[in-house]
Amino acid sequence: MHAAEQTTTDAPRRTRHPVAALLVIAAAELMVVLDATLVNIALPSIQAGLDVPAGDLAWIVNAYAVAFGGLMLLGGRAGDLFGRRRMFRAGIVVFVLASVLGGAAPGPDLLIISRVLQGVGAAIAAPTALSLITTNFPEGRERNRAMGTYAAMAGVGSTLGLVVGGLLTEYLDWRWVLFVNVPVGLCVLAGTVVLSEADRADGRLDLPGAAAGTAGLLTLTYAITRGGQEGWTDPATGMCLAVAAVLLTAFVLRQARGAHPMLPLRVLRERNRAGTYTVLLLVGVGMFSTFYFLTLYMQHVLGYGAVRTGLAYLPFSAGIGIMAAAGSRLVTRLAPRALVAPGLAVAAAGMLWMSTLTPQSVYTTTLMPAMFLTALGLGSAFVPLTLGAVRGVAPDDAGSASGLLNTAQQSGGALGLATLATLAAAASDDRLPFADRAYFDALATGDPASLADAREALTHGYTTAFTAAAAVFGAALLVTLAVINAKAPASARPGPRDLTTPPPEAPARPTA
């Protein structure tokens with residue numbers, strides 16, 4: 001076994017203010033995750049206010065996701081090398097400044113650039129926030145509860161962002177979905193004084209690897225989007241796919257052979273951890289697509305305003321919160337698969353229910369229970385997946401492992417949204433050519449028959465995407481059953497075991 005794979009039993013530098021430290025870390029995670037969905041609810045207002053072409057609208061979401069996911073590993077590694085608290089602060093500063101730039105953007109180009117910069121700040125702040133938990137909370141009940149709170153913020157924040165985004169957009173202006181990050185970010189910065197710093201690891205940043213990985217992900221996302229718009233026989237689409245394959249292959253080879261890899265491949269050698277990252281990537285595909293298409297369905301088909309759309313997501317937020325809280329207690333007694341597998345099965349069932357939506361569907365009898373069911377399933381899976389992603393990781397690799405957790409979700413979300421948006425558009429256009437354009441034309445002319453036809457076509461596209469998302473959750477369930485086999489914590493020990501340490505069957509240190 002490689003020496004760097006060995007874990008240590010040394011206690012972290014426990015903070016003197018655990019409650020305050022957890023609030024700061026949770027607030028930062030909430031802000032970062034909120035921003036991934038805040039903008040979703042404001043997309044129609046942004047499109048109208050900045051005259052954003054329909055084909056570029058998804059990039060306001062994906063620009064953030066690609067930068068966030070593509071640079072997450074670099075951010076995690078930077079925390080290991082230069083100090084987690086220091087890099088955490090740097091990430092929050094970049095995030096806040098980018099939010100100011102985006103809120104003041106006069107056109108779509110600068111807004112998209114600001115979203116990229118927000119993603120850069122989030123890519124530094126998010127993995128260092130997670131690794132600061134292992135720095136500030138001792139093994140056992142305290143760390144498990146802190147991890148549970150962190151996971152809950154990741155789940156609840158995704159939905160809460162839609163509610164807050166609706167309120168800000170309708171009662172103030174869409175620009176406030178970005179400006180709201182300023183006071184929150186400043187409060188987080190002030191609170192970092194209660195966080196304890198960790199020892200720094202040796203090594204250097206792998207900047208070429210970060211460039212290759214991020215450029216590869218960006219090129220692949222663009223290729224998928226362009227393929228849906230211009231056709232898969234388009235020469236530029238084929239060229240982008242080839243370039244993406246070369247860049248991503250170069251990234252993997254550099255991580256395998258480099259002296260200072262951004263992603264030490266030894267992190268993926270443990271069976272359960274590799275399976276966890278795969279499941280997280282697939283869950284990201286379903287989560288991003290759910291929010292995107294449900295928002296469009298509620299506003300374009302059901303005719304909801306921004307606030308009503310945001311409030312309609314409250315059952316989703318409640319379901320995530322309930323099961324994430326329960327999961328933080330159950331992980332000390334049950335094997336991860338016992339929580340993740342049923343959760344994914346329930347989430348898939350909820351998505352299949354959503355695939356039955358029609359333009360005449362009633363919120364209280366169809367949409368609300370389907371959302372709540374999906375949320376219960378995802379909430380059940382979040383906590384054990386978050387713990388499994390950093391379980392048994394060597395201290396020097398904690399930042400990289402934490403970064404990979406978020407990279408899997410964000411990269412899966414960006415690629416999944418690009419893929420399912422293409423699928424939905426094709427399904428809609430099969431029913432009515434240029435369905436999106438027909439919808440806006442019908443709104444402008446006030447023709448009820450044309451509007452009904454356009455809504456029928458759009459609904460067919462959205463439900464096709466929900467069916468595909470259900471299949472993705474089903475694939476995640478199969479990976480869970482086939483790969484994740486970690487046992488429940490050892491009950492013989494006094495108190496609950498910290499699931500970030502190796503299980504009894506995988507000793508922390510190799511024998512001679």
Side-chain angles (χ1 to χ4, degrees), residues 32 34-71 94-123 161-162 164-166 168-170 172-182 214-215 217-230 236-237 240 288-289 291-293 295-296 299-300 305-306 309 410 413-415 417-418 420-422 424-425 434-437 439-441 443-444 458:
V32 168
L34 271 174
D35 203 77
T37 52
L38 271 174
V39 174
N40 259 304
I41 206 74
L43 284 175
S45 298
I46 293 173
Q47 186 175 22
L50 298 182
D51 194 24
V52 183
D56 295 338
L57 193 62
W59 278 106
I60 296 175
V61 176
N62 272 346
Y64 178 82
V66 169
F68 193 1
L71 294 174
V94 172
F95 191 88
V96 168
L97 293 177
S99 298
V100 174
L101 179 64
D109 292 341
L110 188 57
L111 177 59
I112 292 173
I113 291 172
S114 74
R115 293 288 285 164
V116 171
L117 294 176
Q118 276 189 308
V120 173
L162 296 164
V164 175
L168 293 174
T169 301
E170 191 155 319
L172 293 175
D173 184 77
W174 68 261
R175 296 180 184 277
W176 278 96
V177 302
L178 297 166
F179 286 146
V180 73
N181 293 318
V182 177
T214 305
L217 179 61
L218 179 65
T219 306
L220 180 58
T221 304
Y222 175 76
I224 293 172
T225 303
R226 183 181 177 88
Q229 295 173 345
E230 306 294 337
T237 299
C240 287
F288 269 59
S289 303
F291 290 136
Y292 186 80
F293 293 112
T295 299
L296 294 179
Q299 295 197 22
H300 290 341
T309 301
Q410 294 296 322
L415 295 174
L417 179 55
L420 295 190
T422 298
F434 305 106
D436 277 333
R437 187 181 305 168
Y439 169 76
F440 288 110
D441 289 345
L443 280 180
L458 290 176

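We use all heavy atoms of the structure for the numbers below, so side chains are in, but hydrogens, waters and symmetry mates are not.
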Shortest non-hydrogen contact from [X] to [Y]?
X      : Y      : result
Leu420 : Ser289 : CD1-OG, 3.1 Å
Ala424 : Phe293 : CB-CE2, 3.7 Å
Phe179 : Ala104 : CZ-N, 3.8 Å
Ala67  : Val116 : CB-O, 3.4 Å
Ala306 : Gln299 : CA-NE2, 4.2 Å

- [ ] Over 60° means perpendicular and under 30° means parallel, so classify the ring planes of His300 and Phe440, tilted if in between.
- [x]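 Phe440 vs His300 ring planes: perpendicular.
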
Reported [atom1]-to-[atom2] distance for the pair [X] and [Y], which is rounded to 0.5 angstrom:
X      : Y      : atom1 : atom2 : result
Leu168 : Ile41  : CG    : CD1   : 11.0 Å
Ser99  : Arg115 : OG    : CZ    : 8.5 Å
Ile113 : Leu101 : CD1   : CG    : 8.0 Å
Leu111 : Trp174 : CG    : CH2   : 5.0 Å
Leu97  : Ser114 : CG    : OG    : 12.0 Å
Leu117 : Ile112 : CG    : CD1   : 12.5 Å

Open item on the list: Quick one, Val61 with Leu43, criterion side chain to side chain contact (heavy atoms under 4.5 Å, CB included). Give me CA distance, side-chain angles, the key distance, then yes/no.
Closed with: CA-CA 9 Å; Val61 176; Leu43 284 175; 4.0 Å; yes

TODO: Report the C-alpha distance between Leu458 and Tyr439 in whole Å, list the side-chain angles of each, state the deciding distance to 0.1 Å, and finish with yes or no for side chain to side chain contact (heavy atoms under 4.5 Å, CB included).
DONE: CA-CA 8 Å; Leu458 290 176; Tyr439 169 76; 3.9 Å; yes

